[in-house]
Colleague: 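Sharing a structure with you now.
So that the names make sense, note that chain A is the first sequence line, chain B the second, and so on, each numbered from 1.
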Number of protein chains: 2
Amino acid sequence: MKVIDRHEAALDRILELVVLLNHDMTQSLARDGLTVSRAHLLWELRHRGPMTQRDVAEALKVSARTITGLVDGLVATGFVTREPHPTDRRATLVTFTEHAATTVAAMERDQQKFAHLLFAGMPDEQFDCFVAGLGDVLTRLRDQGLSYEIREDDQ
Amino acid sequence: MKVIDRHEAALDRILELVVLLNHDMTQSLARDGLTVSRAHLLWELRHRGPMTQRDVAEALKVSARTITGLVDGLVATGFVTREPHPTDRRATLVTFTEHAATTVAAMERDQQKFAHLLFAGMPDEQFDCFVAGLGDVLTRLRDQGLSYEIREDDQ
DNA sequence: CCTTCATCGTGATGCCTCCTCACTATGTGT
DNA sequence: ACACATAGTGAGGAGGCATCACGATGAAGG
């Protein structure tokens, strides 16, 4: 029981972290004319190159319909363009613009500074251990899919 | 530079954790007829007892107007009631119902299981270290207010 | 070639979160 | 009393997200 209580306290902290980070990111991204979702889309595009909307939907874990809306917004503000798919005329390729590249580069610089701010001065040993624990937690979360879904096999 | 890169990788993991957790929680809470925001409100109420909407707004870091909407929804589904404030006739006290108590208790049980799932089998030493690091990060985040806001004093 | 079925994107609709501005009803201080 | 601050809400707006239905296109088989 003792153990579970400690685990629960840790989860509480993680949840607080989630809330705090979400709030801060929303504020910060607004300065670039972006929202968390749109930035997430840009981020994905940046790392994978042009994608069909379908692929984006899967990457962001949202419905295809939602992507239509997000891309609409990003096209309107000039962050991405819709290009015809070379071989499949049903699909469109969402592609990065120069504008987006500039903005994402700035975001990345911010992220670096922010990361440095969070971890600067933390003893190497503790940092390594923290990252290891984080990786562990992340792995379990991914492995189990919707791991928060416990109530089914509950009572 | 090397150090910052490691820090950035750690932030990336934290961000992935945020995305994953947010997604899972949304799914899970939907089963109870709740949303993340409404559950957050309930959680706060649960730990602090009846609060004025103003206080709730500050606790959740959203505008007073938003709370009106959240409480409307929670009242409609029977999770809370609006009681007149004993001394200030302008204010209303948002209070827990039996229904909410039951649901929150179930949520707490889920959370315990979930926490156990995330950390079970992790060596004590690593767990302690992880929690310490988490606390550290959280402290810095709180201390600096909107810490993600770096661009002002940037270039 | 022509059906049949799967897939891509989108219109229509509806719910939820959040915000700002304006306004009423109340407190409070001088 | 009078001015000013505070609690909550109506109005209106931007987004994020989902499901259902539908048109356009692709792919597989007869």
Colleague: Specify the separation, in whole Å, of atom CZ of Arg54(B) and atom P of dA5(D).
Modeller: 14 Å
Colleague: State, with a plain yes or no, whether a side-chain heavy atom of Asp124(B) is found less than 4.5 Å away from one of Arg6(A).
Modeller: yes
Colleague: Could you tell me whether Arg31(B) and Asp110(B) make a salt bridge, using a distance below 4.0 angstrom between a side-chain N and a carboxylate O?
Modeller: yes
Colleague: Can you measure from NE2 (His99(A)) to CG (Leu42(A)) and round to the nearest 0.5 angstrom?
Modeller: 9.0 Å
Colleague: Is the phosphate of dC8(C) approached by Arg82(A) (side-chain N or O, under 4.0 Å from OP1 or OP2)?
Modeller: no
Colleague: For Arg38(B) and dT17(C), is the shortest distance between a side-chain N/O and OP1 or OP2 below 4.0 Å?
Modeller: yes
Colleague: Leu34(B) CG to dC16(C) P: how many Å, rounded?
Modeller: 11 Å
Colleague: Atom CE of Met51(A) to atom C1' of dT7(C): distance rounded to whole Å?
Modeller: 17 Å
Colleague: At a heavy-atom distance below 4.0 Å, what parts of residues 59-76 of chain B sit against DNA chain C?
Modeller: Val62(B), Ser63(B), Arg65(B), Thr66(B), Leu70(B)
Colleague: Reckon Thr92(A) touches a base, only the sugar-phosphate, or nothing at all at heavy-atom distances under 4.0 Å?
Modeller: sugar-phosphate
Colleague: Check the distance between dC8(C)'s P and Gln53(A)'s CD and give it to me in whole angstrom.
Modeller: 11 Å
Colleague: Starting from P on dT10(C), measure out to CZ on Arg90(A) and report it in whole angstrom.
Modeller: 14 Å
Colleague: Rounded to whole Å, please give me the gap between CG in Asp88(B) and P in dA5(D).
Modeller: 17 Å
Colleague: Hey, does Lys61(B) have a side-chain heavy atom less than 4.5 Å from the side chain of Leu20(A)?
Modeller: yes
Colleague: For the side chain of Thr35(B), counting heavy atoms from C-beta on, which of dG27(C), dC16(C), dG8(D) is nearest?
Modeller: dC16(C)
Colleague: It should be established whether Arg89(B) places a side-chain nitrogen or oxygen under 4.0 Å from OP1 or OP2 of nucleotide dG27(C).
Modeller: yes
Colleague: Should the ring pair His7(B) and Phe119(A) be called parallel, tilted or perpendicular, given that the plane angle runs from 0 to 90° and is split at 30 and 60?
Modeller: tilted
Colleague: Could you check Arg38(A) against Leu29(A) for side chain to side chain contact (heavy atoms under 4.5 Å, CB included), going step by step and ending with a plain yes or no?
Modeller: CA-CA 9 Å; Arg38(A) 313 233 258 233; Leu29(A) 289 170; over 6 Å; no
Colleague: Separation of His40(B) atom NE2 from dC16(C) atom C1', in whole Å?
Modeller: 17 Å
Colleague: Rounded to the Å, how far apart are Leu29(A) CG and dC18(C) P?
Modeller: 16 Å
Colleague: Name the closest nucleotide to the Thr52(B) side chain, picking from dG26(D), dG8(D), dG9(C).
Modeller: dG8(D)
Colleague: Working to the nearest 0.5 Å, report the span between CG of Leu60(B) and CH2 of Trp43(B).
Modeller: 13.5 Å
